[in-house]
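Have a look at the structure below before the remarks.
Chain letters run A, B, ... following the sequence lines, proteins first, then strands; residues in each count from 1.
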There are 2 protein chains.
Amino acid sequence: MSRVAPTLEDVARVAGVSRATVSRVVNGTRNVDPELQETVRNAIEQTGYTPNRVARSLVTRRTGTVALVISGAGGGSDVFTDPFFGRVTAGVVDFLRGHSVHPVLMLADSDHARTEVVEFLRQGSADGALLVSTHPADPLPARLLEAGVPSVLYARPGRPMPIGYVDMDHRAGGRLAADHLVAAGRYNIATISGPMDVLASQDRHAGFRDAMARHGFPYVPTAEGGFTAESGAAAMHRLLTECPDLDAVFAANDLMAQAAVDVLLEHGLRVPEDVAVVGFDDSAPALACRPQLTTIRQPVERMAAQMADLLLAELEKPGQRPRSVIFEPELVVRASA
Amino acid sequence: MSRVAPTLEDVARVAGVSRATVSRVVNGTRNVDPELQETVRNAIEQTGYTPNRVARSLVTRRTGTVALVISGAGGGSDVFTDPFFGRVTAGVVDFLRGHSVHPVLMLADSDHARTEVVEFLRQGSADGALLVSTHPADPLPARLLEAGVPSVLYARPGRPMPIGYVDMDHRAGGRLAADHLVAAGRYNIATISGPMDVLASQDRHAGFRDAMARHGFPYVPTAEGGFTAESGAAAMHRLLTECPDLDAVFAANDLMAQAAVDVLLEHGLRVPEDVAVVGFDDSAPALACRPQLTTIRQPVERMAAQMADLLLAELEKPGQRPRSVIFEPELVVRASA
DNA sequence: TGGATGTATGGGAGCGCTCTTACAACGTTG
DNA sequence: CAACGTTGTAAGAGCGCTCCCATACATCCA
């Protein structure tokens with residue numbers, strides 16, 4: 001099309017007005033003669049003008065983008081295979097698009113990468129950060145805070161700090177699972193926890209254990225997993241060795257629950273007849289699993305959208321007290337328990 | 001930290017040099033006295049200076065970001081649940097991060113959204129576009145081309161146009177599946193195709209059918225699916241009605257293959273003993289499925305990385321003839337066939 | 001009628017950076 | 001020793017935009 005993009009100046013010349021007037025028409029359109037507006041609009045049409053967002057950003061100090069930072073502790077970029085992050089992304093994108101804000105995706109899985117994220121934001125390349133950080137020891141929240149970057153977390157920070165976040169009542173989720181299993185008349189109940197250095201895992205486990213204790217089961221056989229299918233299968237094997245007569249398993253996410261079901265089936269055990277299985281999250285694998293998983297729903301998309309909402313609010317009027325929003329889990333009964 | 005960010009000017013004042021010198025140190029560092037460099041570096045340290053990327057972009061005409069556009073025809077943002085897009089994202093992010101380029105995520109699932117994408121790029125908010133477009137009728141490639149936006153596609157465009165892309169030899173993939181099934185001694189072979197308005201689906205199907213014909217099977221019972229689990233299950237049901245004695249199914253992606261397996265199992269058929277199933281993609285569901293899926297591998301991550309590579313090359317030296325790279329599929333034999 | 005108020009427009013500074021140009025200081029060469 | 005690079009630095013224009021301020025004119029009430 002055009003070799004060199006037309007500028008405000010060009011439009012102004014064509015319309016026979018000043019740059020300022022064109023700018024007014026392009027933006028707020030306040031106090032411009034309707035007739036002149038028409039002229040300017042024609043000139044814009046004629047020249048094929050598109051405002052240069054970068055130039056605008058330079059003076060407004062706003063880019064219209066936010067960083068969506070996946071601070072996965074672990075192994076590189078296969079985080080995107082995890083349905084959880086896909087759901088977060090979906091929720092964020094879906095919310096932001098309605099506000100003409102665009103997320104730029106960043107992975108913060110190494111110290112180098114984290115520094116790059118902080119730099120990126122300090123340089124004003126994005127207006128703020130949405131931080132999906134699972135590790136309580138993650139230094140990124142504190143560093144962003146220190147750098148004065150408006151940020152909101154998914155999951156509460158490892159130690160208290162004045163930063164907004166969305167989270168879920170994971171303990172309540174654990175309780176829901178225990179209640180359901182006990183109410184179903186199960187007696188030998190075990191659990192596959194998530195990685196214990198993740199707060200969400202600790203909470204789900206604590207909630208589950210507490211409820212079990214209240215139901216008269218002071219000890220719950222536990223195998224720690226890593227939120228992946230493989231780790232879930234391995235944990236299930238350990239559990240089966242420790243207590244071959246178990247009749248129920250609560251897994252801290254669906255991926256592990258699905259793997260657990262597979263292992264049980266391979267051992268000739270029927271699900272849910274012989275062993276009931278409850279998952280967590282209510283993500284795609286819960287439905288793909290046979291039998292379909294009874295699970296604890298985490299409204300990831302809504303939470304992600306809320307996180308984005310909090311950030312935009314903070315950008316809108318900075319310096320507010322950071323807010324947090326906690327979501328309630330929900331038991332979803334399907335075939336596996 | 002700092003209320004107002006220090007600028008080049010501030011650093012220059014502290015170091016007692018000119019802005020230009022500081023700029024040289026920050027960037028190319030050509031022709032600056034080592035001693036002075038040291039002084040400047042100290043000044044940078046002292047002031048906590050970070051270059052303002054926006055200001056830099058304004059003059060260099062480069063933002064260091066590219067748009068990753070998911071031009072899903074269909075239903076909004078649940079595309080991120082599809083493992084395919086997760087893999088694309090992973091491949092892109094992984095490649096770009098090594099080049100200090102960041103992807104901004106955009107969904108182009110409506111005409112409005114498409115216009116916004118074009119605007120975004122015309123405004124110079126990103127240096128180029130990575131377009132994951134499945135629909136041959138998608139107007140976006142042509143519009144980006146027309147707008148002069150450097151772009152690379154995932155999957156060849158619906159009609160020939162001078163734009164680079166990566167793709168796979170889907171026909172060869174279909175052939176691989178047919179060969180494998182026939183070699184395994186299957187006789188009543190059916191297939192669940194992808195949506196027929198998608199080129200990849202057409203190609204996979206054509207390759208499969210051609211190979212089948214060459215093997216002496218001129219007619220292949222076909223049910224069209226939509227690449228989703230539900231559509232796969234529905235297609236499997238139809239196939240079972242049409243030819244109850246089938247002994248093999250080739251599904252055009254793993255999601256549908258997995259669903260097909262479930263339906264077969266529900267019907268009391270054993271996989272692979274009674275019915276062999278071959279999937280396509282080799283994505284997460286292929287491994288999660290029981291039995292694990294024999295499938296045709298599409299190296300999505302590598303393709304996505306290649307796509308990003310092509311775009312960066314085009315940005316590096318514009319005006320080159322657009323390039324395309326075709327990847328070969330690979331048969332992955334597991335338990336299901 | 002005159003000052004006060006309000007509305008529409010233009011002029012121009014300035015956002016923070018890069019990059020070209022000019023120039024000073026230093027060799028190096030025929 | 002004049003003429004010529006070579007190298008290191010400063011000065012300043014300019015990227016395209018927003019926004020403040022000045023100006024011009026219309027409108028109003030006392």
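- A salt bridge links B:Asp109 with A:Arg97: at least one charged nitrogen is closer than 4.0 Å to a carboxylate oxygen.
- Atom-to-atom, CZ of B:Arg61 to C1' of D:dC17 comes out at 12 Å; the value is rounded to the nearest Å.
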A:Arg56/A:Asn27 under side chain to side chain donor-acceptor pair (under 3.5 Å): CA gap, chis, key distance, verdict: CA-CA 11 Å; A:Arg56 178 181 293 172; A:Asn27 303 320; 3.2 Å; yes
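- Rounded to an integer number of Å, the gap from CG of A:Leu8 to P of D:dG14 is 18 Å.
- An OP1 or OP2 oxygen of C:dT9 is reached within less than 4.0 angstrom by no side-chain nitrogen or oxygen of A:Thr21.
- Place A:Ala55 and B:Ala20 on DNA chain D by their nearest nucleotides, and B:Ala20 ends up nearer the 5' end.
- In this structure, of C:dG16, C:dT18, C:dA8, it is C:dT18 that holds the atom nearest to the side chain of B:Thr60.
- Taking only side-chain nitrogens and oxygens, B:Asn52 never comes nearer than 4.0 Å to OP1 or OP2 of C:dC15.
- A distance-only check finds a donor-acceptor pair linking the side chain of B:Thr47 to the backbone of B:Ala43 [under 3.5 Å].
- In this structure, A:Arg24 atom CZ and D:dC20 atom C1' are separated by 10 Å, rounded to whole Å.
- One can place CZ of A:Arg13 at 12 Å from P of D:dG16, the figure rounded to the nearest angstrom.
- Distance, B:Arg19 CZ to C:dG16 C1': 9 Å, rounded to whole Å.
- Side-chain atoms of A:Arg53 stay outside donor-acceptor range of the base of D:dG16, with no qualifying N/O pair under 3.5 Å.
- Between the CZ atom of A:Arg56 and the P atom of C:dG16 there is a distance of 18 Å, given to the nearest Å.
- In terms of phosphate contacts, B:Ser23 brings a side-chain nitrogen or oxygen within less than 4.0 Å of OP1 or OP2 of C:dT18.
- Within the 6.0 Å centre-distance limit, the rings of A:Tyr154 and A:Phe84 are counted as a close aromatic pair.
- Rounded to a whole Å, the CD atom of B:Glu9 is 12 Å from the P atom of D:dA10.
- Remark: the A:Gln37 side chain and the A:Arg41 side chain contain an N/O donor-acceptor pair separated by less than 3.5 Å.
- Between A:Glu35 atom CD and C:dT7 atom C1' the separation is 16 Å, expressed in whole Å.
- For B:Val59, taking side-chain heavy atoms from C-beta onward, the closest of the listed nucleotides D:dG16, D:dC19, D:dG14 is D:dG14.
- No engagement by A:Val54 is indicated, since no non-hydrogen atom pair under 4.0 Å with the nucleic acid exists.
- At the phosphate of D:dG16, neither OP1 nor OP2 sits under 4.0 Å from any side-chain N or O atom of A:Thr7.
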